[in-house]
Amino acid sequence: MWWHRELARRPRLRGNRPLEVTCMTPPPSPVLPRTLAADLSTYADRPGTPVRIDGWVHRRRRLSGLAFVVIRDRSGTAQVVVRDEATLAALDGLPEETTVEVTGTTSTNPQAPGGVEVVDPQLTALTDAAATPPIELWRPKITAGLPTMLDAAPVTWRHPRQQARWHLAAASLHGFRSTLDAAGFTEVHSPKIVESATESGASVFEIDYFGRPAYLAQSPQFYKQVLVGVFERVYEVGPVFTRRAARHRAAPGGVRLARRRARVHRRPPGRGRCSSCRGGGDGRQHPRQSRIGRAAARHRGAGRARGVPVAALPGALEIAGAPADEPDLSPAHERAVGAWAREVHGSDFVVVEGYPTAHRAFYSHPEPANPDWSRSFDLIFRGVELVSGAQRLHRYGDYVQALRARGLPLEPYAAYIDAFKSGIPPHGGFAIGLERWTGRLVGVDNIREVTLFPRDLHRLAP
RNA sequence: GGCCCCGUAGCGCAGCUGGUUAGCGCGUCGCCCUGUCACGGCGAAGGCCGCGGGUUCGAGUCCCGUCGGGGUCGCCA
């Protein structure tokens, strides 16, 4: 039934195709124009109109002399009422999830969901009778466990709730793109196979590239930095490949939205009022030592933030009840800071900024007045780190110095840092994990529930 | 990498200090029900109790190993 139409197949390049835009759509019907299930209610004033609905048999409910067949398409569900003997018998050959074309007549009925249903239908199977799926899709909620859901992913995603989750992801992608496009950003795409793993050097996917070692890209960051030197403002939406050593936290792949822009030399925008400077308890000089922890009670009530509260790291640690010399927030501490933002500021988001330079990657830009601290931030959403970002070094000399300070050799990074000899403007940016965002937004227990086809240590299919 | 929990029918689970034929709900199949919408009623089929070893007269149950799943802490950007 579905046919595959490739658009923009133009570039006939030798070697691999850098980008391909494809789409899938059902063929046009020779008979009646198709009505989407969700649009059936618009026939409330036109009973008796012939209509055609295409979709899946969502659920059959057989009574003695009639049957209700719920048809599901991309828009929702519609009720079809079968009374005729022969069609009733034919329903036995149309189990749930079989694709069918239904032609019938609209009928208004207060007992029908949405007030309009299809009567006197003809049902034509467009595929063979579907096998019984392991997931009971007609239930309001999926009752299967995670492994079952993932094994049956092609069917699991048909569940209306699952579909809604991905629609949310797709809408987020759209919002990200349209916002940045409007701000003068250019969308780019970077190679996913790279020569060396400069980002962390640690957990990467090594692959065989025509007989020599190569790696799956952990991050498009280098290419974005270079392209800031071309477009000033760039962003990319694409997969990243990170390999976590931890047994159960492994989540290679996943979509990240990342942007980078020129001329970021201030701290990230935010409310900022909460990160007022003051001497902290750990004796270190932080450029904006926060008093949030101690003053949390006093901020209560006054802190109905319209924006997002911003906490400097020492203040955030204090809020979380963590030791003042921790270089980062642990997951438990992130939860505590998230709860604080919710309670005190009524915000699901909170920015934590100013991490110790020594504990961020070498390319992080230090505060010029206080190089022990970096111009970096995390955005915490409902207690989990959602966004990580920083201003990055943009001068060649700074890179050399940063690598030397860490005792790292220059040679492996040559290809990376050489680009900064050619006038890359000051810049910074951030990245956000799509699934982490939607997962947290809809409140799933496991991020894989919002990942279309997740990969983990043991899962390579479907 | 440490610690904790779980693998029993297509799906979700129960099965007590070891005991005779391994149960329940949903689904599936059959019969019945003229307005269901998580429809309802009656009946049936469906199991190498993840895998390997051990203890025992006897193991779904106890022990060891292994594979797989989940959680948590650590490591790591």
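Throughout, protein chains are lettered first and strands after them, A, B, ... in sequence-line order, and every chain is numbered starting at 1.
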Euclidean distance, atom CG of residue A:Leu91 to atom C1' of B:rU28 [Å, nearest integer]: 17 Å
Earlier contact from the 5' end, RNA chain B, for A:Gly145 and A:Arg62: A:Gly145
Mind telling me whether A:Tyr363 and A:Tyr416 have parallel, tilted or perpendicular rings, with 30° and 60° as the class edges? perpendicular
Sidechain N-carboxylate O distance under 4.0 Å for A:Arg360, A:Asp378: yes
Checking all strands, does A:Arg83 fall into the base, sugar-phosphate, or nothing category for heavy-atom contacts under 4.0 angstrom? base
Can you tell whether the side chains of A:Lys192 and A:Glu236 come within less than 4.0 Å, N to carboxylate O? yes
Provide the distance between the two P atoms, one in B:rG12 and one in B:rU21, to the nearest whole Å. 28 Å
Considering only side-chain heavy atoms of A:Leu66, which listed nucleotide, B:rG70, B:rA38, B:rG35, is closest? B:rG35
When rounded to whole Å, the CG to P distance for the pair A:Leu329 and B:rA77 reads 17 Å
Does a distance-only test, which skips hydrogens and angles, find a donor-acceptor pair under 3.5 Å between the side chain of A:Glu136 and the base of B:rG12? no
If you measure from the C1' atom in B:rG58 to the same atom in B:rA22, how many Å do you get, rounded? 16 Å
If I pick the C1' atom on B:rG23 and the same atom on B:rC32, what distance separates them, to the nearest angstrom? 27 Å
Within the 4.0 Å heavy-atom criterion, would you say A:Glu385 contacts the bases, only the backbone, or no part of the nucleic acid? nothing
Tell whether A:Arg360 reaches the base of B:rA77 with its side chain through a donor-acceptor pair below 3.5 angstrom. yes
Watson-Crick/G-U partner (both atom distances under 3.5 Å) of B:rU61: none
Between A:Ser75 and A:Asp73, is any side-chain donor less than 3.5 angstrom from a side-chain acceptor? yes
Rounded to whole Å, the CZ-C1' distance (A:Phe68 to B:rA38) equals 15 Å
In whole angstroms, how far is the P atom of B:rA38 from the CZ atom of A:Arg61? 6 Å
Can you tell which of A:Arg59, A:Arg72, A:Arg60 makes a salt bridge (charged side-chain N to carboxylate O under 4.0 Å, His left out) with A:Glu97? A:Arg72
State which of B:rU28, B:rG35, B:rG10 makes the closest approach to the side chain of A:Thr132. B:rU28
A:Asp328 side-chain proximity, nearest of B:rC73, B:rA77, B:rG27: B:rA77
With both distances under 3.5 angstrom, what nucleotide forms a Watson-Crick or G-U wobble pair with B:rA22? none
Does A:Ile135 reach a base, just sugar-phosphate, or nothing at all? Heavy atoms under 4.0 Å. nothing
Distance check needed: B:rC31 C1' versus A:Asp92 CG, whole Å only. 13 Å
Using the P atom as the reference point in each nucleotide, state the distance between B:rG52 and B:rG60 in Å, no decimals. 13 Å
May I have the distance from A:Glu334 (atom CD) to B:rG74 (atom P), rounded to whole angstrom? 11 Å
Identified pairing partner of B:rC3, criterion: Watson-Crick or G-U wobble below 3.5 Å: B:rG71
Atom NE2 of A:His458 and atom C1' of B:rU66: how far apart are they, to the nearest Å? 13 Å
Could you tell me how far B:rA14 sits from B:rG47 if I compare only their C1' atoms? Round to whole Å. 15 Å
Side-chain N or O of A:Arg448 versus OP1/OP2 of B:rG70: is the shortest distance under 4.0 Å? yes
Between A:Thr143 and A:Glu117, just flag the one whose closest nucleotide in RNA chain B comes earlier from the 5' side. A:Thr143
Is A:Thr148 near enough to B:rG12 that one of its side-chain N or O atoms lies under 4.0 angstrom from OP1 or OP2? yes
Taking only the C1' atom of each, what is the distance from B:rG65 to B:rA45 in whole angstrom? 37 Å
Name the nucleic acid region contacted by A:Pro113, choosing base, sugar-phosphate or nothing; use a 4.0 angstrom heavy-atom cut-off, strictly under. base
By the 4.0 Å heavy-atom rule, please label A:Arg161 as base, sugar-phosphate, or nothing. nothing
Is there, by distance only and without an angle test, a donor paired with an acceptor across the side chain of A:Gln79 and the base of B:rU36 below 3.5 Å? yes
Distance alone, cut at 3.5 Å: any donor-acceptor contact between the side chains of A:Glu195 and A:Tyr215? no
What integer number of Å spans the C1' atoms of B:rU72 and B:rG30? 49 Å
Please determine, for B:rC42, whether a Watson-Crick or G-U wobble partner exists with both distances under 3.5 Å, and give it or none. B:rG30
Output yes when A:Arg62 and A:Asp92 qualify as a salt bridge under the 4.0 Å nitrogen-oxygen rule, no when they do not. yes
Taking the P atom of each, how far is B:rC51 from B:rC57, in whole Å? 25 Å
How many whole angstroms separate atom CG of A:Leu63 from atom C1' of B:rG41? 12 Å
Can you say whether the rings of A:Phe381 and A:Trp437 are parallel (under 30°), tilted (30 to 60°) or perpendicular (over 60°)? tilted
Could you work out which one of B:rG74, B:rG70, B:rA77 sits closest to the side chain of A:Ser330? B:rG74
Would one find a side-chain N or O of A:Asn446 under 4.0 angstrom from OP1 or OP2 of B:rG69? no
